[in-house]
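What follows is a set of notes on a single structure, which appears directly below.
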2 protein chains.
Amino acid sequence: MATLHNKFCNFTSMDMLSIDHILKRNQLSVTDSRKKILELFKEHNGALAHNDIEKKTGEKFDRVTIYRTLQTFVEKGIIHTIPTPDNSVRYALCKDECSKGHHHDNHVHFVCDICNVTYCLDSVVTPEVNLPQGFKPSLIDVVVTGRCKNC
Amino acid sequence: MATLHNKFCNFTSMDMLSIDHILKRNQLSVTDSRKKILELFKEHNGALAHNDIEKKTGEKFDRVTIYRTLQTFVEKGIIHTIPTPDNSVRYALCKDECSKGHHHDNHVHFVCDICNVTYCLDSVVTPEVNLPQGFKPSLIDVVVTGRCKNC
DNA sequence: TAATTATTTGCAACTTTGTTGCAAACCTAT
DNA sequence: ATAGGTTTGCAACAAAGTTGCAAATAATTA
Ligand SMILES: [Mn+2]
Ligand SMILES: [Mn+2]
Ligand SMILES: [Zn+2]
Ligand SMILES: [Zn+2]
């Protein structure tokens, strides 16, 4: 397996192919901004906020483009949103099962108070909740705040 | 028990006293804006966003005052915040056990997709979550979205 | 009750975050 | 290589949130 080595990217060619593939699979044209933002999600182990992406890409892309790219990715089921107590939307990569308008990210999220990293705890399945009579759930978000394993 | 009847308020004198009492108990001076905002929370059965309060109070108070009042109330444990998937902070009255810097609102929240009302489901206690090794929870937010009992 | 002190408010000015329309640039397919 | 559809960046705007400070209000003291 060949490895690409330029100063901007420490991805293997397989990773690159997979990024292109994710876009194509979702009928999205392969553009610089979409590739770069997907790369960021792949290399960053945790969730990213709009602002994180803006910083990590430097001045490379317009703010509007980032907003639109994130929207598109959410719609296509490539990333999902995570509500947080401090009310800043964060985004993380979906598993392969998610698709256009159909998310299946039924895992618990953890936001570290100290390092501020947001984890997708894929192994922790969203618990059952017994709602009062008449309430019909369609989505359950569980966000745990505390001290993470690295802090 | 006497009842106050003017066009602005359908509160009993007991309610009014209790509003004053909540403020005094928390070492807050009793001002028009604080009384009015607390009143809104008492009469509205559900959570309110900053914007709801701005609308319901008309032009009566400055936007900044509302921001500061909500902050103060959260700090004192009079209201608590509710994270929502659409990322608009909402606030709801705490039970009496909450106090300065020490919230005990361990109940599930429900946001209706249709009428958009946010409920504190006081009877539904936050479920246990088994976190992976090394993660120490300090707060668990459970937000359920769906169709409410009135929709 | 009146004067004094401490707290809160409103305003202005500003920053950050998010939205929209449109022409130029880019990607894809022929 | 070209044509057609899509995406991007820009500009202009709207909404949300923050800060400093002087004036107004509430609490305390005399
Ligand atoms: Mn996740
Ligand atoms: Mn609540
Ligand atoms: Zn941490
Ligand atoms: Zn409803």
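From a predicted model like this one, the values you see are computed outputs, not experimental measurements.
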Original post:
If you look at every heavy atom in L121(B) and F110(B), which pair is closest and at what distance?
Top reply: CD1-CB, 3.9 Å

Original post:
In terms of ring plane angle, is the pair Y119(B) and F135(A) parallel, tilted or perpendicular, where the classes change at 30° and 60°?
Top reply: perpendicular

Subject >> Exercise: identify the closest heavy-atom pair between P127(B) and V142(B) >> reply: CD-CG2, 3.8 Å

Subject >> N/O donor-acceptor pair under 3.5 Å between H80(A) side chain and A92(A) backbone >> reply: yes

Subject >> Side chain proximity check, K56(B) to K36(B), heavy atoms < 4.5 angstrom >> reply: no

Original post:
If each of R34(A) and N51(B) is mapped to the nucleotide of DNA chain D with the nearest heavy atom, which maps nearer the 5' terminus, i.e. the 5' end?
Top reply: R34(A)

Subject >> Spacing between N87(A) atom CG and dT16(C) atom C1', to the nearest angstrom >> reply: 14 Å

**OP:** Enter the distance from L70(A):CG to R90(A):CZ here, rounded to the nearest 0.5 Å.
**Re:** 14.0 Å

**OP:** Sugar-phosphate means primed atoms, P, OP1 and OP2; the rest is base. With that split, encode nucleotides 25-30 of chain D 5' to 3' as B, S or - using protein heavy atoms under 4.0 Å.
**Re:** -SS---

Subject >> Atom pair distance, as rounded to whole Å: CG in N26(B) and P in dT7(C) >> reply: 16 Å

Subject >> Length of the NZ-C1' vector between K35(A) and dC27(C), whole Å >> reply: 11 Å

**OP:** Starting at atom NE2 of H50(B), determine the distance to atom C1' of dG17(D), rounded to an integer number of angstrom.
**Re:** 8 Å

**OP:** Rounded to 10°, tell me the angle between the two end axes of the helix from dT1(C)-dA30(D) to dC26(C)-dG5(D), each built from five pairs.
**Re:** 30°

**OP:** Identify, residue by residue, the members of residues 56-68 of chain A with a heavy atom below 4.0 Å from DNA chain C, and return them in order of residue number, or none.
**Re:** R63(A), V64(A), Y67(A), R68(A)

Subject >> Heavy-atom closest contact (F41(A) atom, L93(A) atom, distance) >> reply: CB-CG, 3.7 Å

**OP:** Nearest whole angstrom, please: distance from the P of dG9(D) to the CD of E54(A).
**Re:** 12 Å

Original post:
For dT7(D), does either OP1 or OP2 sit under 4.0 Å from a side-chain N or O belonging to S33(A)?
Top reply: no

**OP:** Would you confirm whether R34(A), through its side chain, and S29(A), through its main-chain N or O, come within 3.5 Å as a donor-acceptor pair?
**Re:** yes

Subject >> Under 3.5 Å: donor-acceptor pair, side chain of D62(A), backbone of V64(A) >> reply: yes

Subject >> Whole-Å gap separating P (dT18(D)) and CG (D86(A)) >> reply: 11 Å

**OP:** May I have the distance from L70(A) (atom CG) to dT8(D) (atom C1'), rounded to whole angstrom?
**Re:** 15 Å

Subject >> Main-chain N/O of V111(A) paired to T118(A) side chain as donor or acceptor, under 3.5 Å >> reply: no

**OP:** Verify, without hydrogens or angle tests, whether N87(A) (side chain) and N87(B) (backbone) share a donor-acceptor contact under 3.5 angstrom.
**Re:** yes

Subject >> Spacing between D52(B) atom CG and dA16(D) atom C1', to the nearest angstrom >> reply: 14 Å

